[in-house]
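What follows is a single structure, written as structure tokens, with notes after it.
Side-chain atoms are counted along with the backbone in the values below, which use heavy atoms only and exclude waters and symmetry mates. So that the names make sense, note that chain A is the first sequence line, chain B the second, and so on, each numbered from 1. Predicted model, so just to flag it, every value in this text is computed and none were measured.
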Amino acid sequence: MKKNLVWFRNDLRVYDNTALYQSCKFYEDKVIALFIDTPEQWKNHFISQKKISFMHHNLISLEEKLSEINITLYYYQSTTFLQSIKYLIHFCHQKKINNLFYNYQYEINERNRDYIVKKKLSEQGILVKGFHDSILVPINDIKNKKKNSYKKFSIFNEKIKKYLKKNIIRCLPIPIKRKDKDNDATSFFKFKKSIIKFNKKIFPIGEQAAVERLKNFFKYKINDYSFNRNIPSLDGTSMLSPYLSIGIISSRRCFFMFLKNKNSNPPDTIYNSSWFNEIIWREFYYHLLVSHPNLSKSKSMSEWENFMNWENNSNYFDAWKNGCTGFPIVDAGMRQLKEIGWMHPRLRMITSSFLVKNLLIDWRKGEKYFMSQLIDGDFAINNGGWQWCSSFGTDYVPYIRFFNPFLQSKKIDKSGNFIKNFIPELNNVPNNFIHNPHEWSNKKKCFVNYPDPIVDYNDTKKKFMLIFNKAQLEFKKQV
DNA sequence: GTGTAGTTGGA
DNA sequence: CCAACTACA
């Protein structure tokens, strides 16, 4: 008989959890679980209060689920990763652990932490077992001829789909109930009384809620997804991102249920579905993060970014954060983010493009601000999205991408329903002026309690192109 | 095999 | 623009 410890981190679920499943492989083994909170580390990673609260309340739910299969979840509040290692080692000794199980995390601090844990525990005769779990396909299975991860989404997409068609992905069941439970008193219940800092109606707690959400999406939303996902006033997306980001549901389960739901369709339609593509984008950014550890160190994929002469005007930055730029679609998105900790994906592109290409502010400032607000903050995806929008990421194009807020707004929020929902000051502005209210107030000489545009779109666009081209030239000069 | 020229295409 | 393919020496 061995004693196994499952160390939960970003995988707060019992169904299809590789580490948990593996730890329960032998019925004679004793299994306990542990979660170590590291608030200081979260602070350094700009993790939002909403996400932390969401995580805590999902931990309560996880504790109940684990209890049903006679596994005790211990909780300890540490500070940083470095401190958490000390506690983990202490805990392993105290509980006389033989094997430690966990699922891999791919960010650099997380990897360093796990490296130290593995080294120290191995020296003391404790077996450490890590698993690929939050991704669909192990990183090494999708590589180019030079054994590097693909840098172009289209190629990665092609390869991974070929792989997924060939290799059947299975979900792991919930382990069967253990013989007996470790019954030490724990400090676990402290969150039961703590205030919920996110909107529970929009983001219900627990694994079951995530599965319901997925089923509901397949039932009512997926058929119109490719159109509706671009309209922020519609509830057209699956809104599963907060659940995926802390592993309340696995992307394997999303894929598996998606196939099951769609199995009457021809395979090409299934694999080309725009929703499935989003799952692959998530996958792509995770694979990229592993092959390019510099992404975790605030580096751009494009090296000439070092030569960018960012303006970083702090007044503009504040206006952007508070939704007071005078560009209604940008401001509505930014206010949605602040209010519920989630922003419609289309608006994430528009607002981030605007910060970088019209306010000329370093994309990293935006990246960090997003993290500090998002309930679904996921480093790989947030970073990938920001790099893509700022044109310093992987998908090179011979032109610079610009999102014109005015044109985008007319396209995705024609009648201004979304804008008015988040900017009530604009309630009296007629629909045909909702995308440029300052023109209406100038013309009609009426006062609208909403700022004029803080910058000129075309001027700043030209300015960005100048700075961008100059940076590229200077980079080439140096090489 | 492996190095290179030419082609393709891009949330 | 440039990754990643194909073709061919």
Query - Note, A:Trp310 side chain near A:Trp363 side chain (heavy atom, < 4.5 Å) - result: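 Yes; the side chains approach each other to less than 4.5 Å.
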Query - Shortest non-hydrogen contact from A:Met343 toward A:Met334 - result: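 Looking at all heavy atoms of both residues, the closest pair is CE-SD, 3.8 Å.
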Could you check how far [atom1] of [X] sits from [atom2] of [N], rounded to whole Å?
X        : N     : atom1 : atom2 : answer
A:Ile155 : C:dC2 : CD1   : P     : 16 Å
A:Met465 : C:dC1 : CE    : P     : 14 Å
A:Glu158 : C:dA4 : CD    : P     : 12 Å
A:Gln387 : C:dC2 : CD    : P     : 15 Å
A:Asn157 : C:dC5 : CG    : P     : 14 Å
A:Asn469 : C:dC1 : CG    : C1'   : 12 Å

Query raised in the report: Sequence neighbours excluded, which residues qualify as salt bridge (Lys or Arg N to Asp or Glu O under 4.0 Å) partners of A:Glu311?
Result: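 Checked A:Glu311 against salt bridge (Lys or Arg N to Asp or Glu O under 4.0 Å); matches are A:Lys463.
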Requested in this report: Check whether any side-chain N or O of A:Asn10 sits under 3.5 Å from a backbone N or O of A:Ile246 as a donor-acceptor pair, and report yes or no.
Outcome: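 Checking the backbone N and O of A:Ile246 against the side chain of A:Asn10, no donor-acceptor pair under 3.5 Å is found.
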Query raised in the report: A:Phe258 and A:Phe276: aromatic ring centres closer than 6.0 Å?
Result: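 Yes - the distance between ring centres of A:Phe258 and A:Phe276 falls below the 6.0 Å cut-off.
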Report task. Describe the nucleic acid contact of A:Lys159 in one word from base, sugar-phosphate, nothing, applying a heavy-atom distance below 4.0 Å. Result ->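 If one applies the 4.0 Å heavy-atom cut-off, A:Lys159 turns out to touch the sugar-phosphate alone, with no base involved.
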Can you give me the N/O atom pairs linking the protein to nucleotides 7-11 of chain B at distances under 3.5 Å, or say none if there are none?
from   : atom 1 : to       : atom 2 : distance (Å)
B:dG10 : N2     : A:Tyr396 : O      : 2.4
B:dG10 : N3     : A:Tyr396 : O      : 3.2
B:dA11 : N3     : A:Trp281 : NE1    : 3.0

Query raised in the report: Any side-chain donor-acceptor pair under 3.5 Å between A:Lys410 and A:Asn436?
Result: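 Checked: A:Lys410/A:Asn436 side chains show no N/O donor-acceptor pair below 3.5 Å.
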